[in-house]
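Worksheet: one structure, shown below.
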Amino acid sequence: MLFCHSQPESYHQHSASYIREALAPFLKNEEARLMAESGAKRTPFQYILCAATSPAVKQQEETLTYLNQGQSYEIRMLNRKLVEYTDISSKYVKSIIRVVFHDRRLQYMEHQQLEGWRWNRPGDRILDLDIPLSVGILEPRSHPLHLNTIEFLWDPVKNASVFIQVNCISTEFTPRKHGGEKGVPFRIQVDTFTTNEHGEYMEHVHSSSCQVKVFKPKGADRKLKTDRDKIDKKAPQDREKYQPSHETTLLKECSPWPDALNLTSHSSSSTPSPVYHSSPTSCGFADGNCSPNQQGELFTSGGSDHLLPSSSPQDTQQWLHRHRFSPFSRLFSSFSGADLLRMSREDLIQICGPADGIRLFNTMKGRCIQPRLIIYVCQQQARNQPPIKQVGTGDLPLMIYHALYLEELTLLDLSEKIAMLYSITPQQITHIYRQKPTGIHVLVSDEMVQNFREEASFIISTIRDENTDGYHIVLK
């Protein structure tokens with residue numbers, strides 16, 4: 001279904017003059033340069049934002065355009081095929097318009113910034129499409145999870161005009177200090193795709209963007225007037241340092257936005273995330289004791305899961321998922337271990353926010369929680385297993401102990417540490433007993449754990465629980 005007004009015949013008959021009129025301010029300045037580059041390939045599309053550029057921008061800087069919050073602004077989608085011949089294979093092309101951050105620092109934090117905006121403005125979108133005013137577009141879509149993106153199809157032979165509304169203002173993403181803070185600049189970017197051999201809009205053909213700032217209603221008009229008055233007061237020689245203001249803004253060619261292809265193929269949600277599969281050495285009670293080498297390997301593999309400088313980007317992704325940093329895995333998708341370890345605490349706080357940034361920094365540096373209690377345990381030798389002899393000590397058996405670091409002085413934490421050491425689940429431990437010198441078994445409770453001596457040592461024996469298929473643990 002076509003979402004557009006009926007177009008008069010003159011719209012098609014005078015489309016070439018329509019393009020010339022829209023590009024007039026820019027063609028005058030660039031005619032000489034374009035003639036000199038006649039051998040170079042010119043892009044097939046041109047996008048024009050119908051909003052005036054600021055005159056307070058110096059000659060060598062990028063143009064800046066002021067917009068009012070919620071106001072509809074036209075973007076003219078022009079195919080320069082009508083000016084000079086270019087080859088567009090498909091009848092329709094797909095364009096994706098998005099509002100993104102201009103500053104690189106905020107681009108790293110885009111996900112967190114947009115989630116914060118969604119939380120403060122439930123039900124609102126950052127970018128909307130004004131369909132009643134738009135001309136020549138088909139199948140307009142706005143994904144509910146991508147608040148800053150819209151997409152549609154259009155016929156490059158007939159051109160199109162799409163009206164957009166930006167509903168956020170630049171100061172919403174500025175840290176609040178004492179009032180009067182400057183708003184952050186945004187970018188309006190258009191990525192255009194044509195169909196591949198399978199009829200999917202996957203072939204990127206052109207991208208352009210421009211820099212904008214968004215003000216509360218009528219704020220953009222006041223700011224533009226202020227800039228013009230400021231430039232008019234300058235001396236003529238100083239005015240030459242600034243760009244002239246144009247009634248429309250030409251979007252400059254740029255690289256495609258990184259996730260544009262994902263949005264186009266609608267595969268962003270179906271892309272499999274890296275999954276970590278662990279297969280620790282099994283050391284079950286039913287099989288008796290493991291050898292000392294096996295036990296050492298088991299305990300070392302569980303306690304040395306640190307990010308290394310030699311970690312590849314794939315290893316780094318797995319490490320992020322294992323340590324509950326999945327929301328940032330896409331952000332750090334191309335980072336190796338060395339790249340991530342070079343980042344300072346302040347860098348991570350800026351990118352991930354205070355809470356997650358501090359947690360990520362501490363996890364990367366291997367900062368462990370100081371244990372409240374350390375005890376040593378050794379599994380009792382099975383009757384049918386020959387004891388391991390110490391070298392040079394005759395027939396004395398070798399007793400191998402492992403350290404258990406308790407962060408909480410509770411029975412639950414003790415059960416979890418014992419279960420982790422022997423590769424079973426805490427639910428398989430039915431009860432833990434402490435055997436006194438008289439031979440009686442005392443049920444271990446939180447109070448008993450709290451009264452364990454620092455660096456106390458125990459020998460562990462097990463009793464099979466026939467009713468639950470679990471184990472009773474006895475500390476001797």
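In this text, all values refer to a predicted model and were calculated from it rather than measured experimentally. Every heavy atom of this structure was used, including side-chain atoms; hydrogens, water molecules and symmetry mates were not.
- To the nearest 0.5 Å, the span separating CD1 on I150 from CD1 on I164 amounts to 6.5 Å.
- Taking the side chain to side chain donor-acceptor pair (under 3.5 Å) definition, one finds that K225 meets it with D229, sequence neighbours left out.
- Taking 4.5 Å as the limit, every side-chain heavy atom of N148 sits out of range of all side-chain heavy atoms of R125.
- With hydrogens and angles ignored, the 3.5 Å screen pairs no side-chain donor or acceptor of E139 with any backbone N or O of F152.
- Note: F163 and Y73 fail the aromatic proximity criterion, with ring centroids not under 6.0 Å apart.
- For the residue pair T194 and E203, no side-chain donor N or O sits within less than 3.5 Å of a side-chain acceptor on the partner.
- Not one N or O on the side chain of D356 forms a donor-acceptor pair closer than 3.5 Å with the backbone of G353.
- Side-chain contact check for T149 versus L127: every heavy-atom pair is 4.5 Å or farther apart.
- Side-chain contact between Y66 and V212 is absent, with no heavy atoms from C-beta onward closer than 4.5 Å.
- A side-chain donor-acceptor contact under 3.5 Å links R239 to the backbone of K234.
- A donor-acceptor pair shorter than 3.5 Å cannot be found between the side chains of D446 and T410.
- Partners of F325 according to the ring pair (Phe, Tyr, Trp, His ring centres under 6.0 Å) rule, which considers only residues two or more places apart in sequence or in another chain, do not exist here.
- Exactly one residue among K252, Q243, R187 makes a side-chain hydrogen bond (donor to acceptor under 3.5 Å, both in side chains) with E62. That residue is R187.
- Looking only at atom types and distance, the side chain of Q317 has no donor-acceptor partner in the side chain of D315 under 3.5 Å away.
- Proximity of L414 to L404: side-chain heavy atoms (C-beta onward) are separated by under 4.5 Å at one or more points.
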- Query: Which is it for Q189 and D191 under the side chain to side chain donor-acceptor pair (under 3.5 Å) test, yes or no, and what are the steps along the way?
  - Reply: CA-CA 7 Å; Q189 177 154 336; D191 299 294; 3.1 Å; yes
- Message: side chain to side chain donor-acceptor pair (under 3.5 Å) for Y47 and S209? Distances and angles first, verdict last.
- Response: CA-CA 9 Å; Y47 313 124; S209 65; over 6 Å; no
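- Ring pair F193/H206: centre-to-centre distance not below 6.0 Å.
- Taking CG from L340 and CG from L320, the interatomic distance works out to 6.0 Å, rounded to the nearest 0.5 Å.
- One finds a salt bridge joining D227 and K223 here, because a Lys/Arg side-chain nitrogen approaches an Asp/Glu carboxylate oxygen to under 4.0 Å.
- Heavy atoms from other residues, nucleotides or ligands lying under 6.0 Å from CZ of R324 number 12 at most.
- Using a 3.5 Å distance cut-off with no hydrogens or angles, the side chains of S326 and H321 do pair a donor with an acceptor.
- A donor and an acceptor atom, one from each side chain of T249 and T65, are located under 3.5 Å apart.
- The number of heavy-atom neighbours closer than 6.0 Å to CD of Q60, taken from other residues, nucleotides and ligands shown, is 12 or below.
- Closest heavy-atom contact between K213 and P185: CG-CA, 4.0 Å.
- No donor-acceptor pair closer than 3.5 Å links the side chain of D413 to the backbone N or O of L406.
- A donor-acceptor pair shorter than 3.5 Å cannot be found between the side chains of T53 and T63.
- Under the 4.5 Å side-chain criterion, counting only non-hydrogen atoms from C-beta, I351 is not in contact with L360.
- For N68 (side chain) and K218 (main-chain N/O), a donor-acceptor pair under 3.5 Å exists by modelled atom type.
- Counted by atom type alone, E253 and S208 present zero donor-acceptor pairs between their side chains at under 3.5 Å.
- Taking OG of S170 as the reference point, atom CZ of F215 lies at 6.5 Å (rounded to 0.5 Å).
- Of the N and O atoms on the side chains of S311 and W319, not one donor lies less than 3.5 Å from an acceptor on the other residue.
- No side-chain donor-acceptor contact under 3.5 Å links Q46 to the backbone of M77.
- In this view, F335 and F332 satisfy the ring pair (Phe, Tyr, Trp, His ring centres under 6.0 Å) rule, not counting sequence neighbours.
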